[in-house]
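Quick caveat, the model's predicted, so the values are computed rather than measured. Lettering follows sequence order; numbering is per chain, from 1.
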Protein chains: 2
Amino acid sequence: MPVPHQLSAIIKEGEKWFLPSVSLDCVILGFHDNQVKVLVLKLKHSNVWALPGGFVLKEEDTETAAARVLRERTGLQNIFLQQFHVFGAPNRSDSNIHRKSLLQTGIELNNDSWLFQRFISIGYYALVDFAHVTPFPDENSTECVWKDIHEIGSLMMDHNEILNKALETVRLQLNHQPIGYNLLPQKFTMPELQKLYETILDKALDRRNFHRKMTAFGILKRLKETRKGGAHRAPFLYSFDMRKYQKALKQGLNGGW
Amino acid sequence: MPVPHQLSAIIKEGEKWFLPSVSLDCVILGFHDNQVKVLVLKLKHSNVWALPGGFVLKEEDTETAAARVLRERTGLQNIFLQQFHVFGAPNRSDSNIHRKSLLQTGIELNNDSWLFQRFISIGYYALVDFAHVTPFPDENSTECVWKDIHEIGSLMMDHNEILNKALETVRLQLNHQPIGYNLLPQKFTMPELQKLYETILDKALDRRNFHRKMTAFGILKRLKETRKGGAHRAPFLYSFDMRKYQKALKQGLNGGW
DNA sequence: GTATAATTGTGTCATAACGACACAATCAAA
DNA sequence: TTTGATTGTGTCGTTATGACACAATTATAC
């Protein structure tokens, strides 16, 4: 039995398609204008911002479900996706938000609808190449946009907590996961890489020492091109040497930042 | 409506008490005889070993549920408990194991029983002081014992995967979580601490360099006592300086091991 | 054209951390 | 009292780190 295309049809009879009690939320991160951005949705009729989320089909792997949500919002496939935490407080859902929003969309649900039951939420973070993403709002939201992680206001329910936990996880995994590789375009400059590290670590780094250390890891290939266009000396372009990068990550890029 | 005390009564009508689709498994770790141990259960009638697990009550926090399972198996409260991963493959459950075991225990369930539905499992790891634990088997198991993590055989379902993921997580968090504090007794020797690190990292460390580095962190207090009894020079006892320990962990005990 | 301002590439130096190693002190058992 | 194993502590050469300075390069302004 295929899942209907219309969100409204799915929501009305969610118990037919989805695993009960389990939802997921995605913290989709990108890097643009030297800033780390997160993809957020503006819910219809409520002006509330939320992280993109979804549910798990009855026979679907949770990982696959997250990839599906990701594809629906960004058009991207084969994305770096990592589960980072489960949010399981019994009172974390706020069914009023859904109810209000859905009601104004024209969907009326009974009080005992599956959607108003308790849900735990599995948090996933995704790292994407900003330039390749076209954000799509879903049927229940009016906007789907990138926001600077430092300029995120109040989000729905516990989504601020989810976002913060995701950012903390990324910071802790910086030496063990290919964070730089997945957030940056194929070719990037050393200052861009440094800015990415600085944003994630929330900490200024010395330009020369950063260059020295990063070079010493041996995970970068310096290309023969430079990035022209800036009103200053043109920086060299680099790309990752995936062979050595993967190898180095297994041991962890040693040393503290 | 209180939960019945009899496991059999709970299992037969689990849908009355528990959140559907969600289970949890606990990797309970201790340190004894210079070895890291994990608590495992031997299921009745099947001779299969499994990690202690349980379900989440309808109005219960997932964290609280894990603490409850922990208390039931070890008698301990206020334990260091960390969620580390969700196992969400659709085919990870193996209802035959449960069915067989329960049947021989005298509990017969319909094919459409809640227990045979799909469950995702939230993995928690707990660090306990071995000396304070009295392992209790539950109503569905004959034994509840400590096993050396290097001598664990085949476990039920995906429990080997769960255990390995827990150990990997502990290794990665060694510089950020109070692993030593929670696994060791209040007073311990430097060689014991080193052996703990070596076991978790699965790597031999130089005795003198370990001592130097650990001392440099400033997180240990050397006591005026020594551990007598060994047939050799009596090592000093240490305890953690929690003030400095907590502070150091926030930044991460820098440097690679 | 040429000067300008900002940014990038690279080097130095003193200090701290690290890995490899040796030797003396101490304890229980023989 | 001797012995064997283990622990406490120090040394030394090498490497990594943090704090800096200066030259090279680029589009823009003049």
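Protein atom CE of M214(B) is 15 Å distant from nucleotide atom P of dA17(C), rounded to whole Å. Counting to the nearest Å, the C1' atom of dT8(C) and the CD atom of Q194(A) are 11 Å from each other. If you take CZ of F217(B) and C1' of dA16(C), they are 14 Å apart, rounded to a whole angstrom. Across the protein-nucleic acid pair, K195(B) atom NZ and dT6(D) atom P stand 12 Å apart, rounded to whole Å. Following rounding to the nearest Å, L237(A) (CG) and dT8(C) (C1') show an atom-to-atom distance of 13 Å. Atom NZ of K203(A) is separated from atom P of dT17(D) by 12 Å (rounded to the nearest Å). As rounded to whole Å, 7 Å separates atom P of dG8(D) from atom CZ of F236(B). Put simply, NE2 on H211(A) is 17 Å from P on dG18(D), counting in whole angstrom units.
Partners of D129(A) by side chain to side chain donor-acceptor pair (under 3.5 Å), not counting sequence neighbours: none found. A search for salt bridge (charged side-chain N to carboxylate O under 4.0 Å, His left out) contacts involving K187(A) returns E225(A), not counting sequence neighbours.
Using cut-offs of 30° and 60° on the angle between ring planes, the pair F130(B) and H32(B) is parallel.
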Close N or O pairs between protein and nucleotides 1-3 of chain C (under 3.5 Å):
none

Do any N or O atoms of the protein come closer than 3.5 Å to N or O atoms of nucleotides 23-26 of chain D, and which pairs are they?
{"residue": "dA24(D)", "atom": "N3", "partner": "R233(A)", "partner atom": "NH1", "Å": "3.2"}
{"residue": "dT25(D)", "atom": "O2", "partner": "R233(A)", "partner atom": "N", "Å": "3.1"}
{"residue": "dT26(D)", "atom": "O4'", "partner": "H232(A)", "partner atom": "O", "Å": "2.9"}
{"residue": "dT26(D)", "atom": "O2", "partner": "A231(A)", "partner atom": "O", "Å": "3.0"}

Grab the N/O contacts between the protein and nucleotides 19-22 of chain D below 3.5 Å, and write none if there aren't any.
{"residue": "dA19(D)", "atom": "N7", "partner": "N209(A)", "partner atom": "ND2", "Å": "3.1"}
{"residue": "dA19(D)", "atom": "N6", "partner": "N209(A)", "partner atom": "OD1", "Å": "3.3"}
{"residue": "dA19(D)", "atom": "N6", "partner": "R212(A)", "partner atom": "NH2", "Å": "3.1"}
{"residue": "dC20(D)", "atom": "N4", "partner": "R208(A)", "partner atom": "NE", "Å": "3.2"}
{"residue": "dA21(D)", "atom": "N7", "partner": "R208(A)", "partner atom": "NH1", "Å": "2.7"}
{"residue": "dA21(D)", "atom": "N6", "partner": "R208(A)", "partner atom": "NE", "Å": "3.4"}
{"residue": "dA21(D)", "atom": "N6", "partner": "R208(A)", "partner atom": "NH1", "Å": "2.7"}

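In this structure a side-chain-to-backbone donor-acceptor pair under 3.5 Å is missing from S141(A) to P137(A). With hydrogens and angles disregarded, no donor-acceptor distance shorter than 3.5 Å links the side chain of R73(A) to the backbone of P135(A).
A 6.0 Å sphere centred on CD of Q186(B) holds no more than 12 heavy atoms belonging to other residues, nucleotides or ligands. The environment of K195(B) atom NZ is sparse: at most 12 non-hydrogen atoms of other residues, nucleotides or ligands sit within 6.0 angstrom.
Counting any heavy atom pair closer than 4.0 Å across all strands shown, R222(A) reaches sugar-phosphate atoms only and no base atom.
Atom CG of N182(B) sits about 8.5 Å away from atom OH of Y125(B), to the nearest 0.5 Å. To the nearest 0.5 angstrom, L41(A) atom CG is 8.5 Å from L51(A) atom CG.
With respect to the salt-bridge test (charged N to carboxylate O, under 4.0 angstrom), the residues D158(B) and R92(B) qualify.
The salt bridge (charged side-chain N to carboxylate O under 4.0 Å, His left out) analysis of residues 32-42 of chain B, with sequence neighbours excluded, yields the pairs K42(B)-E143(B).
At dA17(C), none of the side-chain N or O atoms of K213(B) fall inside 4.0 Å of OP1 or OP2 (strictly under the cut-off).
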